[in-house]
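Take a look at the structure set out below.
In listed order, ligands and their atoms are each counted from 1. Computed from a prediction, not measured in an experiment: that's the story for all the values here.
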Amino acid sequence: MTKNKSEEEYRQEQIEQIMRLKAERNAVIIVHNYQRDEIQDIADISGDSLALSRAAVRTDAKVIIFCGVYFMAESASILNPDKMVLLPVREAGCPMADMVNPEKLLALKKEYPDAAVVCYVNSSAEVKAVSDICCTSSNAIEIVRAMKEKRIIFIPDKNLGMWVQRYVPDKEIILWKGFCPTHIRVTAEDVLKAKEGFPNSEFVAHPECNPEVLDLADHVCSTAGMFKYVKSSNTKRFLIGTESGMLHKLRKENPDKEFLLPSSKLICANMKLTTLGWIAHSLQELVYEVKLPEETRKKACRSLKRMLEVTKESAGAAIAGY
Ligand code: 13P
Ligand code: SF4
């Protein structure tokens with residue numbers, strides 16, 4: 001009688017297959033902090049959007065397996081035209097990135113000809129191509145401050161734009177009306193209730209949350225910023241105001257500390273599409289390649305590279321195993 005494989009045996013087999021194919025293909029596995037736990041565990045490099053953009057520039061591997069959402073793999077491809085960048089699940093997109101397009105942006109630029117466009121990396125290559133500079137949640141304040149223009153069109157996340165405006169009052173920020181469908185789900189009421197049930201905790205939030213939620217935060221930062229903050233704090237309990245995937249590494253790196261989400265709705269369905277099976281498939285078949293027309297790539301690359309030049313090396317650099 002043949003014994004059914006246990007889930008764990010099956011998982012181990014998948015991991016072995018991935019490791020074998022990774023070596024054969026000379027590939028690197030780059031993983032965003034919101035990915036499933038088991039994907040984070042096989043990462044060569046993990047981090048926030050900024051750290052992953054930097055890692056994509058530095059890698060010597062021939063193939064980049066990007067475990068995240070489309071705009072992240074696209075940024076890696078823009079910065080690495082000679083490498084093969086693969087997104088294991090073609091449908092893994094970011095709804096916020098789809099909330100702005102070049103036509104609408106160009107129309108707004110006409111209304112404000114003196115403004116510079118600062119474009120959050122959660123956007124398409126076509127939109128980056130008609131922007132002046134990119135930013136991530138790690139460096140948005142620094143980038144807006146560095147612009148010589150007094151007026152800034154900030155796209156597409158209105159919450160991040162409003163957050164930046166608090167710190168850069170001498171500039172006028174024209175907001176786009178985009179938002180993250182995951183982060184806006186957490187309410188101030190959720191946070192207050194969660195704090196009550198989790199005494200002596202600090203609330204750390206991502207700037208994509210609504211302003212009234214950010215008002216309750218002890219610290220607001222990118223996902224990489226959260227790892228740094230938690231490590232440096234003497235507090236033992238943290239409410240984490242961002243996507244659920246963050247809990248895995250936070251718990252692993254800080255076994256003496258406790259972490260909870262203020263809402264069970266903090267799950268980005270797109271980030272969870274990638275599985276070990278899809279990564280093995282991606283390496284086996286070399287799919288799905290993210291490649292752009294050269295003209296768009298070059299223009300988008302200018303905005304991304306300008307961001308990387310402005311941002312100091314230290315910002316957002318929580319890169320595991322790199
Ligand atoms: P980070 O750059 O902070 O990792 O955020 C990316 C993102 O998509 C947040 O929803
Ligand atoms: Fe996009 Fe929000 Fe998911 Fe981040 S969490 S990838 S902004 S939908």
- Message: Taking E253 first and then K231, would you say they form a salt bridge - that is, a charged N and a carboxylate O separated by under 4.0 Å?
- Response: yes

- Query: What atoms of ligand 1 come closer than 4.0 angstrom to any heavy atom of Y34?
  - Reply: 7 (C), 9 (C), 10 (O)

- Message: Looking at every non-hydrogen atom in both residues, tell me the closest pair between V121 and K128 and how far apart they are.
- Response: O-NZ, 2.8 Å

- Item | Test: R11 and E7 ion pair at under 4.0 Å | no

- Message: Do the side chains of K272 and E243 get close enough for a salt bridge, i.e. N-O under 4.0 angstrom?
- Response: yes

- Note on the structure: Heavy-atom proximity to atom 3 (Fe) of ligand 2 ranks first, among C180, C268, S137, for C268

- Taking heavy atoms and a distance under 4.0 Å, where does N270 meet ligand 2: side chain, backbone, both or neither? neither

- Under 3.5 Å, N or O to N or O, is N33 touching ligand 1 that way? no

- Message: Can you name the atoms of ligand 1, numbered from 1 with element, that are less than 4.0 Å from a heavy atom of D48?
- Response: 1 (P), 2 (O), 4 (O)

- Query: Quick one: does H32 get within less than 4.0 Å of ligand 1, heavy atoms only?
  - Reply: yes

- Message: Checking a contact table here: which protein heavy atom is nearest atom 5 (O) of ligand 1, and how many Å away?
- Response: H206 NE2, 3.3 Å

- Query: Which protein non-hydrogen atom lies closest to atom 8 (S) of ligand 2, naming both residue and atom, and how far is it?
  - Reply: P95 CD, 3.4 Å

- Answer side chain, backbone, both or neither: which part of T223 comes under 4.0 Å from ligand 1, heavy atoms only. both

- Message: Show the atoms of ligand 1 that are less than 4.0 angstrom away from any heavy atom in H183.
- Response: 10 (O)

- Query: For atom 1 (Fe) of ligand 2, what's the nearest protein heavy atom and its distance?
  - Reply: C94 SG, 2.4 Å

- Please state whether N122 comes within less than 4.0 angstrom of ligand 1, counting heavy atoms only. yes

- Item | For atom 6 (C) of ligand 1, the protein heavy atom that lies nearest, with its residue and separation | S49 OG, 3.4 Å

- Run the numbers for me: atoms of ligand 1, each under 4.0 Å from some heavy atom of S137, listed by number. 1 (P), 2 (O), 3 (O)

- Note on the structure: Per-atom filter on ligand 1: closer than 4.0 angstrom to a heavy atom of S222 are 3 (O)

- Query: Do the ring planes of H183 and H206 sit parallel (below 30°), tilted (30 to 60°) or perpendicular (above 60°)?
  - Reply: tilted

- Does a salt bridge link D82 with K62, judged by any charged N lying under 4.0 Å from a carboxylate O? no

- Task: Looking only at distances, please establish whether an N/O atom of ligand 1 is found under 3.5 Å from an N/O atom of E208.
- Result: yes

